[in-house]
*Asks:* 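Handing you this structure, nothing more for now.
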Amino acid sequence: MLAIKRSLKLNNREATLMAKHAGLRLVVFNMGLSLRTQMYGLVKLSDSKVINELKKVLTNHIKKQGGFA
C-alpha cells in the first residue's frame, strides 16, 4: 500500500479562517452529542430517528442564533 503525505501551506488569514471553522464545528458537534444523550435518556428512539431530529434542530435553530452565524 502506498501513501502520499500532503501538507497545506496557509497564510495568516487562511489559518485564522480554518481555526474558526474548526472551532464552530466542535461546538456544534458537542451540542449535538448533548442533545443525543438527552433524547436517548428520555425517549427510546431508533438511531435514524434521533439523527433526523438532530439535523432539524441543529440546522433550523442553531444557525439562526446570532452567536453562531
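Values in this document were obtained by computation on a predicted structure and should not be read as measured data.
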*Asks:* Can you tell me if N12 has over 12 outside heavy atoms packed within less than 6.0 Å of its CG?
*Replies:* no
*Asks:* Which heavy atom of K9 sits nearest to which heavy atom of E14, and what is that distance?
*Replies:* O-OE1, 4.2 Å
*Asks:* With side chain to side chain contact (heavy atoms under 4.5 Å, CB included) as the test, pick out the partner of S34 among Q38, M31, R36.
*Replies:* Q38
